[in-house]
Amino acid sequence: MTHGNEKFVSQHLEIAGLIKHPITLDVGDLKKLAQQSIGDTPLTCQSGADMGKTGKLQGVLLRDVLERADVISKAHNDVKKIIVVATATDGYKVVFSWSELFNSPVGQGVVIFFQRDGKALDDDEGRIALISTQDIRTGPRHVKWLNKIEVIKVVD
Ligand SMILES: Nc1nc2c(c(=O)[nH]1)N[C@H]1C(S)=C(S)[C@@H](COP(=O)(O)O)O[C@H]1N2
Ligand SMILES: [Mo]
């Protein structure tokens with residue numbers, strides 16, 4: 001089932017937009033940040049269809065990566081208007097709000113991961129992916145072939 005997906009495999013993750021230190025990370029760089037272990041999590045499509053389970057994942061919190069890159073928020077109320085867009089090499093995109101990541105229980109479960117059951121991710125989602133484990137349906141914000149995180153202020 002992995003055949004044909006080689007072209008989507010993401011080797012790097014770019015952190016861009018409203019941040020002080022735009023950075024590009026590879027799996028080696030991610031391994032240097034605080035590591036998170038995620039237990040086997042059910043994957044459910046937006047339709048409700050059962051897509052199986054994730055297996056045991058290793059990665060880092062999206063929150064920790066954003067803190068490292070340093071989000072630019074000049075005014076006290078800026079962060080409340082900021083969103084974070086996660087993009088994959090096939091053009092798939094999902095959105096988080098800053099408040100969701102930093103001021104709600106959801107943030108503790110949003111993980112950029114690069115290992116499943118101790119092994120590098122396969123071509124069908126590799127090498128870098130993301131999941132929001134606290135979502136009711138986890139399929140939509142499971143981003144395969146993640147290659148960009150962008151911080152955007154959406155309203156003034
Ligand atoms: N990059 C990327 N990630 C994605 C998708 C996609 O089209 N592209 N589809 C999402 C949806 S809607 C679901 S249910 C799961 C499905 O994963 P599968 O295609 O491996 O079954 O991946 C999610 N992640
Ligand atoms: Mo889905």
Side-chain angles (χ1 to χ4, degrees), residues 8-44 53-155:
F8 290 132
V9 168
S10 51
Q11 304 285 352
H12 298 98
L13 177 61
E14 184 192 344
I15 317 296
L18 211 58
I19 49 172
K20 287 187 195 126
H21 309 294
I23 40 176
T24 300
L25 305 165
D26 61 16
V27 169
D29 298 319
L30 293 171
K31 283 182 177 166
K32 290 177 196 148
L33 302 176
Q35 301 296 292
Q36 304 288 322
S37 290
I38 305 297
D40 208 8
T41 305
L43 274 169
T44 312
K53 286 187 160 200
T54 59
K56 189 170 172 287
L57 306 177
Q58 187 178 325
V60 301
L61 288 182
L62 173 56
R63 214 158 65 177
D64 289 348
V65 171
L66 290 173
E67 258 168 9
R68 173 92 185 268
D70 221 345
V71 173
I72 296 169
S73 54
K74 295 193 189 79
H76 177 67
N77 288 331
D78 276 356
V79 290
K80 300 154 196 171
K81 306 164 195 166
I82 284 174
I83 62 160
V84 176
V85 184
T87 302
T89 54
D90 64 336
Y92 192 73
K93 289 176 199 275
V94 304
V95 169
F96 295 91
S97 68
W98 186 96
S99 302
E100 207 182 2
L101 293 172
F102 288 92
N103 194 26
S104 95
V106 171
Q108 284 151 236
V110 181
V111 178
I112 296 165
F113 64 96
F114 47 83
Q115 266 183 30
R116 158 170 300 108
D117 299 326
K119 285 181 285 190
L121 301 182
D122 216 341
D123 286 357
D124 61 358
E125 68 175 346
R127 298 295 165 280
I128 305 170
L130 175 145
I131 189 166
S132 178
T133 60
Q134 301 305 304
D135 286 5
I136 293 169
R137 288 182 174 169
T138 46
R141 293 201 290 189
H142 165 218
V143 181
K144 305 181 281 187
W145 314 300
L146 178 72
N147 75 336
K148 191 172 182 182
I149 298 290
E150 203 170 1
V151 179
I152 302 171
K153 189 168 157 231
V154 283
V155 286

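All values reported here derive from a predicted model rather than from experimental measurement.
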Checklist entry - Less than 4.5 Å apart, any side-chain heavy atom of V106 and any of R141? => result yes
Item to check | S73 (side chain) donor-acceptor with V79 (main chain) under 3.5 angstrom | outcome: no
Checklist entry - Taking S104 for the side chain and F102 for the main chain, is one N or O donor matched with an acceptor at less than 3.5 Å? => result no
Checklist entry - Between atom CD1 of I19 and atom CG of L66, what is the distance when rounded to the nearest 0.5 Å? => result 8.0 Å
Checklist entry - What are the two closest heavy atoms between A86 and I149, and how far apart are they? => result CB-CD1, 3.9 Å
Checklist outcome for this item: Between L121 and F113, the two heavy atoms sitting closest are CD1-O, 3.6 Å
Checklist outcome for this item: CG of L43 to CZ of R137, rounded to nearest 0.5 Å, is 13.0 Å
Item to check | Distance (rounded to the nearest 0.5 Å) between D70 CG and L18 CG | outcome: 11.0 Å
Next on the checklist: Measuring from atom CG of L57 to atom CD1 of I112, what distance do you get when rounded to the nearest 0.5 angstrom?
Outcome noted: 13.0 Å
Next on the checklist: I need the minimum non-hydrogen distance between H21 and R68, along with the two atoms involved.
Outcome noted: CD2-O, 4.1 Å
Item to check | Heavy atoms from other residues, nucleotides or ligands near NZ of K153 exceed 12 (cutoff 6.0 Å) | outcome: yes
Checklist entry - In terms of side-chain heavy atoms, does Q58 have a donor or acceptor partner in Q35 at a distance below 3.5 Å? => result yes
Next on the checklist: Just so I know, are the side chains of E100 and Q134 near enough to count as touching, which here means a heavy-atom distance under 4.5 Å?
Outcome noted: no
Checklist entry - Y92 versus H142: any side-chain heavy-atom pair under 4.5 Å? => result no
Checklist entry - Between F8 and W145, what is the shortest heavy-atom contact and its length? => result O-CB, 3.2 Å
Item to check | Where K144 and A88 come nearest, the two heavy atoms and their spacing | outcome: O-CB, 3.0 Å
Next on the checklist: What's the separation between atom CG in L130 and atom CG in N147, rounded to the nearest 0.5 Å?
Outcome noted: 12.0 Å
Next on the checklist: If you define the side chain from C-beta out and look only at heavy atoms, does anything of Q11 sit under 4.5 Å from D26?
Outcome noted: no
Item to check | Residue pair V154 / I152, side-chain heavy-atom distance below 4.5 Å | outcome: yes
Item to check | Side-chain heavy-atom pair V84, L101 within 4.5 angstrom cut-off | outcome: yes
Checklist entry - What pair of heavy atoms forms the shortest contact from T133 to T138, and how long is it? => result O-CG2, 3.9 Å
Checklist entry - So how far is it from R127 CZ to H12 NE2, rounded to the nearest 0.5 Å? => result 12.0 Å
Next on the checklist: Is there a side-chain contact (heavy atoms from CB on, under 4.5 Å) between Q115 and K31? Walk through the geometry before answering.
Outcome noted: CA-CA 10 Å; Q115 266 183 30; K31 283 182 177 166; 3.6 Å; yes
Item to check | Working for side-chain contact (heavy atoms from CB on, under 4.5 Å), residues T54 and D40 | outcome: CA-CA 5 Å; T54 59; D40 208 8; 4.0 Å; yes
Checklist entry - Hey, does F96 have a side-chain heavy atom less than 4.5 Å from the side chain of L62? => result yes
Checklist entry - Between L13 and T24, is a side-chain contact (heavy atoms from CB on, under 4.5 Å) present by the stated rule, with each step listed? => result CA-CA 5 Å; L13 177 61; T24 300; over 6 Å; no
Next on the checklist: Would you say that D64 contacts L33 through its side chain, given a criterion of any heavy-atom pair below 4.5 Å between the two side chains?
Outcome noted: no
Checklist entry - Counting N and O atoms only, with roles assigned by atom type, does the side chain of S10 sit under 3.5 Å from a partner on the main chain of I128, one being a donor and the other an acceptor? => result yes
